Number of protein chains: 2
Amino acid sequence: MDDPQIPEDPVAELITNYNELNSCIIEDLDEEPSPLEFMRFVARNTPFVVRGAAADWQATRTWNVEFLKDFLQDESVNVAVTPKGNADSPTVFTDSEGNTTLVFAKPHEEDQPFSTFLDYLIKQEHQLQPTRPQQEEEEVRYAQTQNDNLRHEYLALFSHVQRTIPFARIALDREPDAINLWIGNSRSVTALHKDNYENIYVQVTGQKHFVLLPPVCQPCVNEQMLRPARYERSSSPSSGNGTNTNTDGRLELVVEDEKAERVPFATWDPDLPRENQTRYSKLAEPMRVTLNPGDMLYLPCMWYHKVSQSCSPEGVCIAVNYWYDMDFSGPLYPLSTFVRSVSNREI
Amino acid sequence: MDDPQIPEDPVAELITNYNELNSCIIEDLDEEPSPLEFMRFVARNTPFVVRGAAADWQATRTWNVEFLKDFLQDESVNVAVTPKGNADSPTVFTDSEGNTTLVFAKPHEEDQPFSTFLDYLIKQEHQLQPTRPQQEEEEVRYAQTQNDNLRHEYLALFSHVQRTIPFARIALDREPDAINLWIGNSRSVTALHKDNYENIYVQVTGQKHFVLLPPVCQPCVNEQMLRPARYERSSSPSSGNGTNTNTDGRLELVVEDEKAERVPFATWDPDLPRENQTRYSKLAEPMRVTLNPGDMLYLPCMWYHKVSQSCSPEGVCIAVNYWYDMDFSGPLYPLSTFVRSVSNREI
Ligand SMILES: O=C(O)CCC(=O)C(=O)O
Ligand SMILES: O=C(O)CCC(=O)C(=O)O
């Protein structure tokens, strides 16, 4: 087509135009932005990182294994359990006849005494060191409830972090909707997904490695409607004693009923770019950023993010994030839906 | 199609979603916003009006016909001349064989002594009153150069307005790219169009009536690639004296060369909704606002606006606007291009 108003492929043009107008290198700020400076990033729906912004938080200064075990002792905490660190991930399911389908795997959830959970993370992490044999069959545990757990389950720790992020509270004129604590080790990976929140993510211990894609890259991520499934712990020889600390049974992936609502989820992994790609995936220019203890990331609403982790020398990775409700008014939300609608017809 | 991820008509869904999430009634502020409050409107790409914000500006207090004629006297000013008040408008052109095409009509531009120009506006306006017969054949004049004329041609008047709009300068962290003065009467109408600027529009005398559509309404406005044309004053019996104040010749629309670049321009008029409509036009919910002397409008970048005017009792309409460069980074600009690309294929 010759008319410059009608490009051959509007979706490709969208991603290319976006890439031309925006850097895929994250902006590094020396100090927290003012509310107005922050609002400029919100307006551009563009991430930034503030190195060391939380370096002097009590959490960053004091949370180590000894302190946390002392502090929380045997308090019961909710743990997501998966065989491979794939909580909330697209996962291949093999049925009894050997047929495979991609499903959305939710973790098995289990209450465990905090110290048992933490010891498990550390022991597993240290086994991962090159000198030790890797135990592929071991299950992976991650405290990742995302239900405002730092103001509920972990309330005892809440006073060690800020109650809100002042520049975000003032700019967005609201308090955080949820404050979440994340405790895991390097075996857990959070699969590429997006949230309808403005997210301020603070690293406390260890490192998080983010791979980020802007909302316009929806056509790259190969979103599919996946059947939901959940890991369940099957009863095992050593179990059956009726307590909720049975952690010996094998994990089995159970697909939910055919009638269960399907979950729209990204199936492309920017770190395995040739698998599950769409014809637009190669146009994506992922932004990568690693957070060290005390670093703070602004992850704008609707950005895709894949998150993996490295542990502190002690063998844990801990972070806290603040979710502020996004603004659904204005053009961005309906335009993002539009991109999805158009690209789902093209792909 | 049954999949909720693939709507029948993504363009219709876009406009409907936008309308559901946004009001078509403009927000009325009592006082100028702070820079942060302003930035929230910029982030949402959403207009507002501040009633009386410029009520105490020297311009608003002192600019009347006597004052302006005294002040500018016979200084030469650039005037856009058209037969029907249709400067920069889609206009039907009839060629010598009687064939008609829609062209983009640029005005004849002419230098005139300021007092001559103003007298003409006033006289014409008063003839328009119901008791006098309407003279359809009279030409329409509008000072509307949009080339930062208040800091050049009309520099003498510049100190009567603010040099910048403080909340916008601080929020956007830049000075205005252009400050424009608009002087006309009720015969001029600015056709529906959009600009890549953040616009602060201030009414000084008379009224302006804005009809506004957000960028997502691109599919409603029936944008077409129009051949450019320009009004030219043909030599007339009383002309030929070589001065540049010949205003007697008739105006003739001259279409530019076939090779001249075509102008993409909206051809739908929200006030004549059944003419030139697209299949999406009926989904548009135009926002309407009238500015009175001293009122200030924030017109976000890329919003379509049609502007008509009513005069002060003296018979003129005067306004000043501040154009701040928009931010092309972030998702809005490429997404707006995407909407155009997709809808140009659908229509
Ligand atoms: O830290 C993680 O594993 C994931 C974080 C995340 O998805 C979020 O903060 O929204
Ligand atoms: O006042 C007018 O006639 C048009 C104003 C306009 O188009 C603008 O300010 O961009």
Side-chain angles (χ1 to χ4, degrees), chain A residues 1 3-23 34-46 170-173 214-216 223-225 261-262 264 300 302 327-346, chain B residues 1 3-23 34-46 170-173 214-216 223-225 262 264 300 302 327-347:
Chain A
M1 281 170 249
D3 187 341
Q5 300 283 299
I6 309 188
E8 292 240 345
D9 186 338
V11 172
E13 179 200 54
L14 166 65
I15 301 165
T16 310
N17 280 349
Y18 183 91
N19 290 344
E20 271 169 23
L21 292 164
N22 294 277
S23 168
S34 70
L36 174 60
E37 286 163 344
F38 176 58
M39 204 60 212
R40 291 193 195 120
F41 283 95
V42 174
R44 291 193 286 136
N45 190 248
T46 295
I170 296 168
L172 305 174
D173 197 22
V216 299
E223 192 178 279
Q224 293 185 13
M225 299 300 289
E261 213 179 328
R262 287 170 176 250
M302 294 190 284
D327 197 337
F328 288 91
S329 69
L332 186 59
Y333 186 76
L335 280 169
S336 298
T337 307
F338 179 63
V339 172
R340 190 186 61 190
S341 296
V342 172
S343 81
N344 282 0
R345 307 177 124 212
E346 303 270 322
Chain B
M1 280 170 249
D3 188 340
Q5 301 283 298
I6 308 186
E8 291 241 345
D9 186 337
V11 172
E13 179 201 54
L14 167 66
I15 300 165
T16 309
N17 280 348
Y18 182 90
N19 290 343
E20 271 170 23
L21 291 165
N22 294 276
S23 169
S34 70
L36 175 59
E37 285 163 344
F38 176 60
M39 204 60 210
R40 291 193 193 119
F41 283 95
V42 174
R44 290 191 287 135
N45 190 247
T46 297
I170 296 168
L172 305 174
D173 197 20
V216 299
E223 192 178 281
Q224 292 184 16
M225 298 302 289
R262 288 173 175 246
M302 295 192 280
D327 196 338
F328 287 92
S329 70
L332 187 59
Y333 186 77
L335 280 170
S336 299
T337 307
F338 179 63
V339 172
R340 190 187 60 191
S341 297
V342 172
S343 81
N344 283 0
R345 307 177 123 212
E346 302 271 321
I347 289 169

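Reminder, nothing fancy here: chain letters follow the sequence lines and each chain counts from 1. Everything numeric here is computed off the predicted structure, so don't read it as measured data.
Side-chain N or O atoms of N22(B) include one that pairs as donor or acceptor with a backbone N or O of G330(A) at under 3.5 Å.
Using a 4.5 Å cut-off between heavy atoms, F38(B) makes no contact with chain A at all. With a threshold of 4.5 angstrom between heavy atoms, P214(B) does not approach chain A through any atom at all. Using a 4.5 Å cut-off between heavy atoms, L332(B) contacts chain A through its side chain alone, with no backbone atom that close.
Separation of atoms CG (L335(A)) and CZ (F338(B)) is listed at 9.0 Å; rounding is to 0.5 Å.
Across S336(A), P35(A), A171(A), the residue that shares the most heavy-atom pairs under 4.5 angstrom with chain B is A171(A). By number of non-hydrogen pairs under 4.5 angstrom with chain B, the leading residue of I15(A), T46(A), L36(A), T337(A) is L36(A). Highest contact tally toward chain A, considering only P331(B), S23(B), P215(B), is held by P331(B) [criterion: heavy-atom pairs under 4.5 Å]. Between chain A and the residues Y18(B), Y333(B), F328(B), the largest count of heavy-atom pairs under 4.5 Å involves Y18(B). Contact count against chain B (heavy-atom pairs under 4.5 Å) is highest for D173(A) among V42(A), L172(A), D173(A), T16(A).
Taking both residues in full, the closest heavy atoms of V342(A) and P10(B) are given as CG2-CB, 3.9 Å, listed atom of the first, atom of the second, then distance. Annotation for R345(A) and D9(B): closest pair NH2-N, 4.4 Å, computed over non-hydrogen atoms. In plain terms, the two heavy atoms of I170(A) and R40(B) that are nearest each other are O-NH2, 2.8 Å. Closest approach of L14(A) and P334(B) over heavy atoms only: CD1-O, 3.5 Å.
Within a 6.0 Å radius of CZ in F41(A), other residues, nucleotides and ligands contribute more than 12 heavy atoms.
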